[in-house]
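Remember, predicted model here, so these are calculated numbers, not experimental data. One-based numbering, in listed order, for ligands and for the atoms of each.
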Amino acid sequence: MKKKPWDGRFREPTDEQVEVFTASVHFDKRLAPYDIEGSIAHTKMLARQRIVSKKEEKTIVAGLRDIFREIERGNFTFHLSDEDIHMAIERALIERVGEVGGKLHTGRSRNDQVSLDARLYLRDEIQRILDLVAALKSSLVELAKRESRTIMPGYTHLQKAQPVLLSHYLLAYWEMLDRDEARLRDGLKRVNVMPLGAAALAGSVLPLDREYTARLLKFPEISRNSMDAVSDRDFVAEFVFVASLIMMHLSRFCEDLIIWSTEEFSFVEISDAFTTGSSIMPQKKNPDVAELIRGKTGRVYGNMITLLTLLKGLPMTYNRDLQEDKEPLFDTMDTVTGCLEIFAGMIKHLRFNRARMQEEAARGFSTATDVADYLVIRGVPFRESHGIVGRLVAYCTGENKGLSDLTIKEFRRFYKGFDEDVYECLQVENAVNARRTLGGTAEKMVLKRIEEIEGGKR
Ligand code: ARG
């Protein structure tokens, strides 16, 4: 049984099972670079405040840098008996530089240290996600430009509703991702708060210069309440919530792709490289990537529930339960970055069946609202015109006809004021391009939005 840095008051060694049970080093070793970065800044601050000497600072910092290189090269051995990453590094430092290494933890507790590590880690990783989201948004704009005039049926209740442009559909996802990006940036403000100096929970008796540590680690803010600093994991929960929304957005897009790639719809073909086959049915080409993104969304939601449940009953301040925040956080990070990457690859190679989409857009009375609006423009109150067109649709259904199959005489049986120009509003192109309200699906409006986006306007 290894000696523990905290075992001064203990007479018996830790039970072997307890050692395994309480250890987190096998997963929190991922925080190693941040733990070392934080420790170097803390040491520099201690030296500046003359709590350790210049010489001690040099020795400790050099030792930490050596350990960092060793970890990077994969030569560092983590022991379960180290318990966590913080103690593994401190143990290695003392082994390397001797007793002076024991000064590193001056004026610090693992309680403020672990919060610092999580914040440094999240700050880096959120930046990576921001880059992935930005890349995906650009791909969507490119795709929207390629499909700027493709007409598709728009659905509500998964029932054909009104024709829209595929580019308009694609840009709807741009808007969602744009909000996700804004949420990530906003959350970053709450991640970017420096907790060191809170120590165990009450602050420190030593003259720590927290502003200096914050400057070294590029934190624009420092925590203002030591008790809050060591018990707060809002920033973790908040990030996982934003990740849940990103996943939900990808999942909904995937759901459409799954439906659209069925033989029944045949709106889109996902490239071979992003589909898989069946082990029994030779004809199958399955949208497994899209399905897995949809499935993994549930996993990220689960992580969010794990975190919120973890936090809800904790008495102030630090409790060891908080160690359980890391696996859901890391899992969320891996899942969301992995999904963003593969999703971006998948949508770049989508082949839309424009003819099919256009053909389907014209079916199912998709321009019925346009006929109702045609009457409104001629002075008929909307509720009345709604009724007239409803009866027209019922008639067509009985006759097994589409609206454009009707003669003008048939139209006039339902309302005298119908003219030949009613056939114009039955054309899907006209239906699309008539919707020129701000944010509408008319090609003119979609192109305007693309221009705004490319001009950097939100
Ligand atoms: N491994 C711990 C965690 O992740 C670090 C803090 C432990 N602090 C303590 N007083 N036991 O939360």
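- Distances below 4.0 Å separate heavy atoms of Ser24 from the following atoms of ligand 1: 1 (N).
- Side-chain polar atoms of Arg449 and Ser167 form no donor-acceptor pair below 3.5 angstrom.
- Of the protein's heavy atoms, Tyr318 OH, 3.2 Å lies nearest to atom 3 (C) of ligand 1.
- Residue-level proximity to ligand 1 for Gln113 is absent, since no heavy atom of it falls below 4.0 angstrom.
- With Asn111, Thr22, Asp84 as candidates, the residue nearest to atom 9 (C) of ligand 1 on a non-hydrogen basis is Asn111.
- For ligand 1, the atoms lying closer than 4.0 Å to a non-hydrogen atom of His86 are 5 (C).
- Between the Lys448 side chain and the Gly439 main chain, no donor and acceptor come within less than 3.5 Å of each other.
- Shown in contact with Val114 at under 4.0 Å from a heavy atom are these atoms of ligand 1, numbered in order with element: 3 (C), 4 (O).
- Of all protein heavy atoms, the one lying nearest to atom 4 (O) of ligand 1 is Lys326 NZ, 2.6 Å.
- When side chains are defined from C-beta on, Phe274 counts as touching Ile342, because their heavy atoms get closer than 4.5 Å.
- Atom CG of residue Leu340 and atom CG of residue Asp180 lie 9.0 Å apart, to the nearest 0.5 angstrom.
- Rounding to the nearest 0.5 angstrom, the gap separating the CD atom in Glu99 from the OG1 atom in Thr59 is 12.5 Å.
- Using 4.0 Å as the threshold, Glu83 has no heavy atom nearer than that to any atom of ligand 1.
- One N or O on the side chain of Gln323 and one on the backbone of Thr22 form a donor-acceptor pair closer than 3.5 Å.
- Under the 3.5 Å distance criterion, with hydrogens and angles disregarded, no donor-acceptor pair is assigned to the side chains of Gln113 and Asp117.
- Protein heavy atom nearest atom 11 (N) of ligand 1, with residue, atom name and distance: Arg110 NH2, 3.5 Å.
- The shortest N or O to N or O distance between Gln323 and ligand 1 is below 3.5 Å.
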